[in-house]
Participant: 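The following block contains the structure, expressed as structure tokens.
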Amino acid sequence: MSAETDAPIVTIRALGDHVGQEVTLQGWCYAKTGKGKLVFLQLRDGTGICQAVVFRGNVSDEDFEVAKAITQESSLIVRGVVKAEPRAPGVPGGYEVDVRGVETTGISDPYPIQPKEHGVEFLMQHRHLWLRSNRQWAAMRVRAVIVRAIRDWLDDHGYLNVDTPIITPAAAEGTTTLFEIDYHGEPAYLAQTGQLYNEANIFAFGKVYCFGPTFRAEKSKTRRHLQEFWMVEPEIAFCDLEQLMEVEEQFVSYIVQRCLAECAPELEVLERDTSFLQRVTPPFPRIHYDEAVAMINAAAARGDLVPGYPDPVPAIEWGDDFGSPHETYIAAQFEKPVFVHHYPTQVKAFYMEPEPGRPEVCRSVDLLAPEGYGEITGGSERMSDASKLIAAIEHHKLPMAPYEWYIDLRRYGSVVHSGFGLGVERTVAWVCGLDHVRETIAFPRMLTTMRP
RNA sequence: UCCUCGGUAGCUCAAUUGGCAGAGCAUCCGGCUGUUAACCGGACGGUUGUUGGUUCGAGUCCAUCCCGGGGAGCCA
């Protein structure tokens with residue numbers, strides 16, 4: 001670029017702080033168009049997108065030729081004067097750069113992804129490039145804010161981050177399919193939850209959380225499932241089911257409100273209707289499993305359709321777990337996330353505390369997100385009596401020896417305690433209004449896809 | 001694993017009853033001072049997912065396998 005100056009390097013996100021100044025931007029050409037002696041560049045730098053206007057009269061002949069030769073996704077350094085222009089396209093938008101000098105640092109080969117519709121298969125095969133597209137960029141930025149909000153809320157509320165092992169000797173809950181690995185000749189499994197270890201940790205630290213990747217080898221192929229996903233699992237000593245729901249609604253509301261406060265440009269790129277999100281404040285509605293079954297069966301009797309699907313709500317027998325259509329129907333009856341509590345003991349994990357006086361239901365709770373995003377948290381009050389826990393393990397026909405340490409927790413100062421897990425990808429999908437969790441993580445691991 | 005839909009140019013799609021495989025975008029060349037997925041003119045671009053079958057003739061019909069989308073179950 002001709003006439004090097006000391007114009008400061010700034011980010012597109014902060015352009016508004018530099019109106020009237022000459023600045024340097026470093027980034028990539030997102031799109032380009034031109035008309036004779038004008039070249040319009042959409043420049044992105046990772047923090048946003050802005051239009052850079054190259055007019056032949058404002059740059060050297062050499063720089064104008066450089067600008068004309070820029071291809072989509074070429075890397076470049078641009079020097080120019082920031083102008084407030086309300087109609088300028090961009091993210092956040094409202095400013096454009098009147099270019100005085102331009103230099104390319106890497107001319108791009110013809111770029112596979114065009115600014116138009118593409119099929120999912122093609123985009124997934126080019127995931128390493130797709131991440132540059134503005135909707136993907138926005139979703140990843142929202143994800144990062146959600147992760148930050150999760151950690152901030154927990155750290156600020158007395159929870160200690162104690163991470164749990166990813167390599168585990170056996171199924172924690174004995175239900176789902178796990179990925180098996182060879183642990184020096186002994187079979188081991190990638191963790192599906194850190195919960196049992198969390199329970200050990202609360203007796204040392206009171207309130208804890210683990211936060212990391214989780215693995216499920218199930219042959220699930222839906223918009224809500226990944227083989228590898230991230231989950232945060234808080235666990236709390238001296239906490240019962242009712243107190244747990246209060247924690248969850250505060251926690252989830254904080255996450256959503258942080259996104260609204262910090263991600264306005266991203267949510268706009270995603271064309272998210274934020275009115276649904278603004279309503280996400282405590283308290284959330286709570287319904288008992290009995291009540292949910294009655295609602296579902298009333299809807300089934302009326303022939304109501306599952307929201308978003310052409311099929312009627314299927315009837316349910318008391319004692320069965322909800323199917324996906326049931327969850328969708330229940331969630332659609334509320335404008336906020338809704339707690340469904342006291343599921344039948346027989347469909348839930350062995351360690352959940354039965355309701356006193358009514359042992360056929362347990363002190364469990366799922367949080368269903370609105371708009372069809374499904375279960376985003378699952379939790380319960382844990383069984384705190386050693387003899388009841390031993391009976392439950394026997395009833396589920398699980399081997400006793402691997403659980404001896406877990407039973408110990410009830411032998412040495414047992415307390416009422418509760419915890420839950422929140423799925424990061426489903427939360428991101430919901431906040432962003434995405435219709436598939438594959439777009440909520442940079443490189444999703446799905447049933448048939450692990451490349452790139 | 002099951003149900004369902006699909007696979008044609010780099011991408012998005014079209015192709016009548018089984019009858020010459022096409023268009024837009026991208027790319028390359030030329031033109032234009034305000035573009036928003038610009039526009040105008042020209043060029044380049046094909047083993048119709050695989051294998052086999054029916055037929056004078058198959059992108060189109062049949063069988064098979066492969067790959068992908070959506071859904072169920074399971075779950076966060």
Side-chain angles (χ1 to χ4, degrees), chain A residues 30-42 49-58 64 68-69 71-73 83 85 87-90 93 96 98 108-126 129 133-134 173 175-178 192-195 213-233 306 308-311 314 320-328 347-349 366-369 373-379 420-430 435-438 440-441 446-449:
Chain A
Y30 191 61
K32 188 188 90 171
T33 183
K35 184 164 182 174
K37 297 187 174 63
L38 279 168
V39 174
F40 300 95
L41 301 171
Q42 300 297 321
I49 299 177
C50 78
Q51 176 161 273
V53 183
V54 188
F55 174 51
R56 178 157 216 156
N58 289 343
F64 190 73
K68 280 208 300 187
T71 55
Q72 185 186 359
E73 286 305 318
K83 286 176 15 184
E85 170 54 69
R87 284 160 54 183
E96 71 177 24
D98 204 359
S108 173
D109 287 349
Y111 192 65
I113 300 176
Q114 300 170 36
K116 67 171 201 179
E117 293 286 321
H118 288 285
V120 171
E121 184 180 8
F122 173 80
L123 290 170
M124 284 309 304
Q125 284 166 353
H126 295 81
L129 303 178
S133 299
N134 64 355
E173 302 181 5
T175 52
T176 52
T177 318
L178 305 181
Q192 58 162 338
T193 172
Q195 189 217 309
T214 306
F215 307 88
R216 305 276 166 92
E218 285 149 352
K219 307 260 184 241
S220 298
K221 200 177 83 172
T222 81
R223 66 180 72 183
R224 297 180 306 280
H225 290 89
L226 296 171
Q227 304 295 108
E228 173 184 303
F229 65 97
W230 285 67
M231 183 161 68
V232 59
E233 295 178 272
V306 180
Y309 295 86
D311 310 311
D320 288 347
D321 204 358
F322 292 163
S324 185
H326 300 130
E327 277 186 6
T328 303
V347 302
K348 287 292 182 182
D366 286 354
L367 182 64
L368 308 182
Y373 285 95
E375 183 182 342
I376 54 170
T377 81
F420 68 96
L422 175 134
V424 170
E425 286 74 17
R426 286 186 184 175
T427 305
V428 176
W430 166 48
D435 64 7
H436 202 299
V437 290
R438 68 180 158 227
T440 65
I441 185 166
M446 295 178 294
L447 184 56
T448 57
T449 309

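Within every chain, numbering begins at 1; the chains are lettered A, B, ... in the order of the sequence lines, protein sequences first and strands thereafter. Because the structure is a prediction, the values reported are computed rather than measured.
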Participant: Quick one: which of B:rA72, B:rC28, B:rG34 gets closest to the side chain of A:Thr71?
Facilitator: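 So the side chain of A:Thr71 is nearest to B:rC28.
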Participant: Please name the nucleotide paired to B:rU33 by Watson-Crick or G-U wobble geometry with both distances under 3.5 Å, or report none.
Facilitator: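 Here B:rU33 is not engaged in any pair, so there is no nucleotide opposite it.
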Participant: Quickly work out the A:Leu41 CG to B:rG34 P distance and round it to whole Å.
Facilitator: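 The distance from CG of A:Leu41 to P of B:rG34 comes to 16 Å, rounded to the nearest Å.
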Participant: Provide the distance between the two P atoms, one in B:rG41 and one in B:rG49, to the nearest whole Å.
Facilitator: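 Comparing P positions in B:rG41 and B:rG49 gives a spacing of 32 Å.
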Participant: For the base of B:rU12, is there a side-chain donor-acceptor partner from A:Gln114 under 3.5 Å away?
Facilitator: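 Under the 3.5 Å cut-off, the side chain and the base do not form any donor-acceptor pair.
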Participant: Quick check: does any side chain N or O of A:Ser108 sit under 3.5 Å from a backbone N or O of A:Gln72, one acting as donor and the other as acceptor?
Facilitator: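 Indeed, once roles are kept as given, a pair shorter than 3.5 Å links the two residues.
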Participant: RNA chain B: A:His118 or A:Arg223, which has the more 5' nearest nucleotide?
Facilitator: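 Of the two residues, A:His118 wins.
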Participant: Between B:rC74 and A:Ser220, counting only base atoms on the nucleotide and side-chain atoms on the residue, is there a donor-acceptor pair under 3.5 Å?
Facilitator: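 Looking at the base of B:rC74, it does pair with a donor or acceptor on the side chain of A:Ser220 (distance under 3.5 Å).
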Participant: Take atom P in B:rU54 and the same atom in B:rU12, then report the distance between them in whole Å.
Facilitator: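 Per the computed distance, 35 Å lies between those P atoms.
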Participant: Strictly by Watson-Crick or wobble contacts shorter than 3.5 Å, is anything paired with B:rC25, and which nucleotide is it?
Facilitator: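 Its partner is B:rG10.
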Participant: Between A:Ile49 and A:Gln42, which heavy-atom pair has the shortest distance, and what is it?
Facilitator: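 Reported closest heavy-atom pair: CG2-OE1, 4.0 Å.
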Participant: Taking donor-acceptor contacts at under 3.5 Å, does the side chain of A:Gln125 reach the base of B:rG68?
Facilitator: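 No, the side chain and the base share no sub-3.5 Å donor-acceptor pair.
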Participant: Separation of A:Leu367 atom CG from B:rA76 atom C1', in whole Å?
Facilitator: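 Taking CG of A:Leu367 and C1' of B:rA76, I get 11 Å after rounding.
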Participant: Paired with B:rU17: which nucleotide, if any, by Watson-Crick or G-U wobble criteria at under 3.5 Å for both distances?
Facilitator: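 Its partner is none (no Watson-Crick or G-U wobble pair with both distances under 3.5 Å).
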Participant: Can you check the distance between B:rC44 and B:rG22, where both ends of the measurement are the P atom (answer in whole Å)?
Facilitator: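 About 14 Å, rounded to a whole number of Å.
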Participant: Looking only at atom C1', what distance separates B:rU47 and B:rA9, rounded to whole Å?
Facilitator: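 That atom pair is separated by 13 Å.
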Participant: Tell me the closest heavy-atom pair linking A:Asp366 and A:Lys348, and the distance in Å.
Facilitator: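 Heavy atoms of A:Asp366 and A:Lys348 come nearest at OD2-NZ, 3.4 Å.
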Participant: If the P atom of B:rA76 is compared with that of B:rC61, how far apart are they to the nearest Å?
Facilitator: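 Rounded to whole Å, the distance is 44 Å.
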Participant: Return the pairing partner of B:rG57 with a 3.5 Å limit on both distances, Watson-Crick or G-U wobble; otherwise return none.
Facilitator: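 Looking at the geometry, B:rG57 pairs with no nucleotide.
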Participant: Grab the CD-P distance between A:Glu121 and B:rC67 for me, whole Å please.
Facilitator: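 Those two atoms, CD and P, are 11 Å apart.
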Participant: Does B:rA72 have a Watson-Crick or wobble partner in any strand here, with both distances under 3.5 angstrom, and which is it?
Facilitator: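 Here B:rA72 is engaged in a pair, and the nucleotide opposite it is B:rU1.
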Participant: Between B:rG68 atom C1' and A:Leu123 atom CG, what is the distance in whole Å?
Facilitator: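 Nearest whole value for this atom pair: 13 Å.
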Participant: How far, in whole Å, is B:rU60 from B:rU16 if one measures between their C1' atoms?
Facilitator: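 The answer is 11 Å between these two C1' atoms.
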Participant: Is the side chain of A:Glu233 donor-acceptor paired with the backbone N or O of A:Gly194 at a distance under 3.5 Å, no angle test?
Facilitator: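 A pair under 3.5 Å: yes.
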Participant: Within a strict 4.5 Å, meaning less than it, do heavy atoms of the A:Leu38 and A:Arg56 side chains meet?
Facilitator: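 No; the side chains remain at least 4.5 Å from each other.
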Participant: What's the gap between B:rG59 and B:rG19 when it is taken at their C1' atoms, as a whole Å value?
Facilitator: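 My reading of the C1' atoms in B:rG59 and B:rG19 gives 13 Å.
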Participant: Once you round it to whole Å, what is the distance between C1' of B:rA72 and CD of A:Glu327?
Facilitator: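 The distance from CD of A:Glu327 to C1' of B:rA72 comes to 13 Å, rounded to the nearest Å.
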Participant: Nearest whole angstrom, please: distance from the P of B:rC75 to the CG of A:Leu422.
Facilitator: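 Interatomic distance, CG of A:Leu422 to P of B:rC75: 18 Å.
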Participant: So, A:Arg438 versus A:Thr449: side-chain donor-acceptor pair below 3.5 Å or not?
Facilitator: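 Short answer, no.
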Participant: Considering only the P atoms, how many Å lie between B:rG34 and B:rC39, rounded to the nearest integer?
Facilitator: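 To the nearest whole Å, 15 Å.
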Participant: Could you state the CZ-C1' distance from A:Phe420 to B:rC75, rounded to the nearest angstrom?
Facilitator: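 Atom CZ in A:Phe420 sits about 17 Å away from atom C1' in B:rC75.
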Participant: How long is the line joining NZ of A:Lys37 and P of B:rU35, in whole Å?
Facilitator: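 About 16 Å, once rounded to whole Å.
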Participant: Taking atom types as they are modelled, would you say the side chain of A:His225 forms a donor-acceptor pair with the base of B:rC75 within the 3.5 Å cutoff?
Facilitator: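 Yes, the side chain and the base share a sub-3.5 Å donor-acceptor pair.
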